[in-house]
Structures are given as structure tokens and as C-alpha cells.
**Student:** 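The structure is given below, and queries will be raised subsequently.
Throughout, protein chains are lettered first and strands after them, A, B, ... in sequence-line order, and every chain is numbered starting at 1.
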Amino acid sequence: MPELPEVETVRRGLEPHMDGAKLERVELRRADLRFPFGENFITSLEGQTITSVGRRAKYLQLDIDNNLVLIMHLGMSGSFRVEASSVAAQPGNFTLPKGVHEKHDHVIFHLREASGQPCRVIYNDPRRFGYMALIARSNLEDHKWFKDMGIEPIGNALDGAYLATKFQNKKAPLKSALLDQKMIAGLGNIYVCEALWRAGLAPTRQAKTLAQKSGKPTAMADRLSVHIRDVINEAIEAGGSSLKDHRQTDGSLGYFQHRFAVYDREGEDCLKSDCKGEISRMVQSGRSTFYCGACQK
DNA sequence: CCATGACCCTGTAAGC
DNA sequence: TGCTTACAGGGTCATG
């Protein structure tokens, strides 16, 4: 499910329950996801308190009060659900009703929320492309997953000048360049397609054609940067996209998929006013690209 | 440097 | 109804 807007939606769903919560028990229902859990995964977490629930690109980052960071990546099919009591916790030994294991529930965090309420956070991942790892806070920036990571697509760092500079000598197709996490981290297949359509730029165009010889940003690079930021922000506001029934942590559905202009719309009419084209599908670097051949140049 | 394909794993939908 | 195939939001690795 996970591009940046979906991961951010998950983060916002987890934060009220996990920020300040104590990890009373960590239950692993198998030895690995995509990678094995570290040997000390459980013992490093149990009894500790979560001090913040953050995100970098498509990675969730939970700060633990023993100077470790719990990194969680959702892969293609990972999701969380929260089981919390709706009634105020009673003093003493209040506990949640026994939970029901669903297929592909792999990790269960048994929490005591900052408020004192008991809570379970359950990670489910049919394809197991997701992963979790503990990294020392002091080594985080140097870790292989983060050291070459590009800028966030939302925020001030992304503008036409950044794109023009980064793409200066890039012969790769624009679509591939935008998927490169070393350029912009967190952009995935869907939102790249959507941003290119909004900007009226062909996914096949060489990335370097957005950069001027002088190195100054072109109108195209400016336009693209604006549309990337807009589409990501709009998707976050909409609670992400609910493909394949992916749900938010409270079980509700995001609805941004209803606003896809090109993704999964092969053969349908282009939605740009005055454009008579229809949406095509092609494969670039092994992934589907959806685009309008008539208005994306 | 770049492009392509295989791979990790399971579920779903389409086609026969 | 069953079987087979293609495909899916990510990311890494080997190969040419």
C-alpha cells in the first residue's frame, strides 16, 4: 500500500496510541519478515517507552527511550491495525478483550498508552516485503537505508532549481529519475504518474531535458516540483489511497484513489479539459506507467 | 552511468 | 467450478 501519503497516514493513525506508550510485550508470530528480526529485537523493546512516532520517506521511525530507533517499512502489502478500548481504563488490572489473530498478523505490540489505556498495535503483511529493524539513534544518518536518501517531496527543499540541478546530466527517462529514492525519497509509482500528468510531461522524456544549460530552473522543472508537492499533500489530506482494500489504522478507507487522473485508468478518457486523448499504459523499469500520449509532452 | 530482468511472497482477478 | 497466468503500491541485486 505504501507510498509516502499512505505511510504518513499510518503514522498519524499510530501516533496517538504509540507516542509516549510503554511497550509491555512484543509478540513475534514468525522469525522474519523480509529480513530476520534482530536477535535482540524483543528484549531491546520490552519495558521501553516510545518517545516519538516519525517518518522519513516511506520508513516509519519510532524513537525508543533506550536510544534505539525502531524502523518499520511496509513493503508492498504491510498495514497496521489498532485495537484499543473505547472505555476509560480502570485503575488496577484493566485489560483488553482477547484479540483475534488474522491471517498474516506477524507482529503484535502490546502497549500501555501514555493515558494508561491498554492497546494493541498489530502488523499484518501478506507478501512480507515489509521489514522492521532496530538501529542506534546515533548511527541512523549513516545507515545504508538513509545515508543516500534524497529530499522529502513535501517541504521547501523541493523546487525547480533542485530538480534542474539533479537532472542536469541524467539520460534516464523522467519517470525512472523521479522513482529514484536518491533524488526524491518517498515518491512511488502512482504519484509519479499523477504528477507527470498534472505537469503535462511525458514519462519517457529524458530527465536532463528539464535542466537548462545554465543550470537555472526551467519552467518545466518549476511546474513539476509544484505538482509533485500538490499531489502528495492532497493525498495525505485525503487519508491516502485505498487500493486493494488497504485501510487506515482505525479501519477506515482513504479516498484519494477516486482522484487518480491516470493511474489504473488505461483506455479511459484523459481528464484534462480540451484534451481528447485517452490514457495509455506502458512498462518502464518493470513497472506500469499510465499517461496520456496526447497532452503529456 | 543506464536499462532490464529476476527475485523476495501471497492474493486477486481475468481468461480459458 | 477449477486451473493457469498476469499483475500488484517497494527495493535490491546481477547482468549486459
**Student:** Classify the nucleic acid contact of A/Ser288 as base, sugar-phosphate or nothing, counting any heavy atom under 4.0 Å across all strands shown.
**Tutor:** sugar-phosphate
**Student:** Using atom P in both nucleotides, what's the gap between C/dT5 and B/dA6 to the nearest angstrom?
**Tutor:** 16 Å
**Student:** Report yes if a donor N or O on one partner sits less than 3.5 Å from an acceptor N or O on the other, where the partners are the side chain of A/Arg128 and the base of B/dC9; otherwise report no.
**Tutor:** no
**Student:** In whole Å, what separates the C1' atom of B/dG5 from that of C/dA6?
**Tutor:** 16 Å
**Student:** Determine the contact category for A/Tyr263: base if any of its heavy atoms lies under 4.0 Å from a base atom, sugar-phosphate if only primed atoms, P, OP1 or OP2 are that close, otherwise nothing.
**Tutor:** sugar-phosphate
**Student:** Extract from the structure each pairing of a protein N or O with an N or O of nucleotides 11-14 of chain C at less than 3.5 Å, listing the distance.
**Tutor:**
| residue | atom | partner | partner atom | Å |
| --- | --- | --- | --- | --- |
| C/dG11 | OP1 | A/His73 | NE2 | 2.9 |
| C/dG11 | OP2 | A/Lys58 | NZ | 2.7 |
| C/dG11 | N7 | A/Arg287 | NH1 | 3.4 |
| C/dG11 | N2 | A/Arg34 | NH2 | 3.3 |

**Student:** When rounded to the nearest Å, what value does the distance between P atoms of B/dC9 and C/dC3 take?
**Tutor:** 24 Å
**Student:** Between the side chains of A/Glu6 and A/Lys58, is the shortest nitrogen-to-carboxylate-oxygen separation below 4.0 Å, so that they form an ion pair?
**Tutor:** no
**Student:** Find the distance A/His106:NE2 to B/dC9:C1' and express it as a whole number of Å.
**Tutor:** 10 Å
**Student:** Reading 5' to 3' and counting Watson-Crick or G-U wobble pairs with both distances under 3.5 Å, write the dot-bracket notation for DNA chain B, | for bases paired outside the strand.
**Tutor:** .|||||||.|||||||
**Student:** Using a 4.0 Å heavy-atom cut-off, does A/Gly286 contact any base of the nucleic acid, only the sugar-phosphate backbone, or nothing at all?
**Tutor:** nothing
**Student:** Kindly compute the distance separating CD (A/Glu39) from OG (A/Ser44), expressed to the nearest 0.5 Å.
**Tutor:** 10.5 Å
**Student:** Kindly check if the number of other-residue, nucleotide or ligand heavy atoms within 6.0 Å of NZ (A/Lys272) is above 12?
**Tutor:** yes
**Student:** Same cluster or not: A/Ile236 versus A/Phe256, using hydrophobic residues (I, L, V, M, F, W, Y) connected whenever any side-chain heavy atoms lie under 4.5 Å apart?
**Tutor:** yes
